[in-house]
Amino acid sequence: MSSIILHHYGASPFSEKVRAILGYKQLEWRSVLIPRIMPKPELVALTGGYRKTPVMQIGRDIYADTHLITRQIERLAPEPSLFPEADIASVIGLEQLGDKRLFLAAVPVMFRPAGRAVLIDKLGKDYLASFGADRAALFKGGHVARPDAAYSDAVLPPTLDAVDHQLTDRDFLFGERPCIADFSVYHPIWYIRSNSGVAPLLDDYPNLLAWADRVRALGHGTREDIDAGQAHEIAARCEQWQPLPAAVEGGLVPGTRVSVAATDYGTEPSQGELVSIAADSMTIQRGGPDGQPVRVHFPRDGFRVEAAEA
Ligand SMILES: N[C@@H](CCC(=O)N[C@@H](CS)C(=O)NCC(=O)O)C(=O)O
């Protein structure tokens with residue numbers, strides 16, 4: 001059993017990205033299901049404020065955002081690698097295309113009439129209204145506006161077309177093996193396919209559909225379900241920290257009380273004492289569940305750190 005605990009929910013695309021990577025690396029992991037909408041008191045007890053999905057826990061170390069979660073999984077289980085060095089800049093470019101543009105373009109598709117009908121069927125009208133209000137709040141305060149139908153119409157067809165073309169003569173986006181780009185482009189496609197009302201809009205892209213089947217066939221690894229209370233206990237009982245990447249000059253002195261928040265959407269800040277700033281990540285320490293210390297790690301890209309008001 002790896003020490004990975006994923007806090008996630010079934011319908012979350014970014015969670016599916018991580019679950020598929022756990023499948024590709026054939027890892028054993030523990031699963032804690034969290035609510036789709038606020039409040040999420042048991043998750044926030046670990047993160048200190050960050051609310052987005054998923055969050056990864058290893059003992060008393062908590063990792064926010066799949067940019068960092070996937071890189072931490074790569075450190076724990078380097079083979080097979082998600083980051084092929086020969087194409088790394090292009091790979092990261094496609095990772096961002098999937099996680100940012102394609103994901104945001106997929107969201108309004110769910111609310112097209114045929115998609116909405118399926119959602120009402122699955123979730124009920126009242127829950128869907130609460131979901132809509134929660135997501136409207138999610139997009140307040142950050143620099144990314146809630147995507148609308150016009151954004152989807154502009155971004156989706158040319159992007160799907162380009163990906164479909166790239167997959168004409170290969171199994172995965174960069175050749176014979178999947179890499180981080182595949183998983184980042186996959187999860188918005190998985191999201192659209194998960195709604196039978198709108199899934200047919202992918203029918204024009206046969207290479208993309210065959211590739212999505214190949215990614216799905218990687219599975220999710222071996223999952224054991226636990227509850228949030230058990231995850232909190234694991235954090236409270238753990239006596240060691242995960243190794244930290246080398247610190248760099250980040251402008252703020254370790255020990256400073258800081259506030260860290262995403263800059264795009266879901267900007268609820270987490271506060272704590274700065275432990276270190278590295279090239280790719282930053283870490284704070286705070287009192288977690290039961291008052292025991294936890295460290296929360298964030299990517300630097302897409303997050304702001306500043307001294308907290310006294
Ligand atoms: N940049 C984040 C994006 C995560 C994200 O947008 N997740 C969605 C769910 S797939 C979310 O947090 N929605 C609001 C929520 O779950 O509370 C990451 O890579 O983890």
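Predicted model only: the values in this text are computed from it and were never measured. Start at 1 and go down the list; that is how both ligands and their atoms are numbered.
Contacts with ligand 1 closer than 4.0 Å are made by side-chain heavy atoms of L138 only, the backbone lying farther away.
Remark: K52 engages D264 in a salt bridge, criterion side-chain N to carboxylate O under 4.0 Å.
Atom 19 (O) of ligand 1 has its nearest heavy-atom neighbour, among T66, T53, L43, in T66. Checking H67, K40, R135 against atom 17 (O) of ligand 1, the nearest heavy atom belongs to K40.
For ligand 1, the polar-atom distance check finds an N/O of D65 within less than 3.5 Å of one of the ligand's N/O atoms. Between R51 and ligand 1, an N or O atom pair is found at a separation short of 3.5 Å.
Note on ligand 1: D99 sits outside its first shell, no heavy atom being nearer than 4.0 Å. Residue contact check for ligand 1: G266 places no non-hydrogen atom closer than 4.0 Å to it.
Counted within 6.0 Å of CD on Q26, heavy atoms from surrounding residues, nucleotides or ligands total 12 or fewer; the atom is thus considered open.
Numbered from 1 in the order shown, with element, the atoms of ligand 1 that lie under 4.0 Å from a heavy atom of R36 read 15 (C), 16 (O), 17 (O). Under a 4.0 Å criterion applied to the non-hydrogen atoms of P13, ligand 1 contributes the atoms 10 (S).
Using a 4.5 Å heavy-atom threshold, the side chains of R193 and R216 count as touching. You'll find the side chain of D148 stays beyond 4.5 Å of the side chain of P108, heavy atoms only. R116 places none of its side-chain heavy atoms less than 4.5 Å from the side chain of V198.
Nearest protein neighbour of atom 5 (C) of ligand 1, counting heavy atoms only, is F14 CD1, 3.4 Å. In terms of protein heavy-atom proximity, atom 10 (S) of ligand 1 is nearest to S12 OG, 3.2 Å. Nearest non-hydrogen protein atom to atom 9 (C) of ligand 1 is Y9 OH, 3.5 Å. Of the protein's non-hydrogen atoms, the one nearest atom 6 (O) of ligand 1 is Y265 OH, 2.6 Å.
A distance of 8.0 Å separates OG1 in T263 from CG in D301, rounded to the nearest 0.5 Å.
Taking the six-membered ring for Trp and thresholds of 30 and 60 degrees, H8 and W29 have ring planes more than 60 degrees apart, a perpendicular arrangement.
Ring pair F298/Y63: centre-to-centre distance not below 6.0 Å.
W241 carries R295 over the face of its six-membered ring, with the cationic atom under 6.0 Å from the centre and within 45° of the normal.
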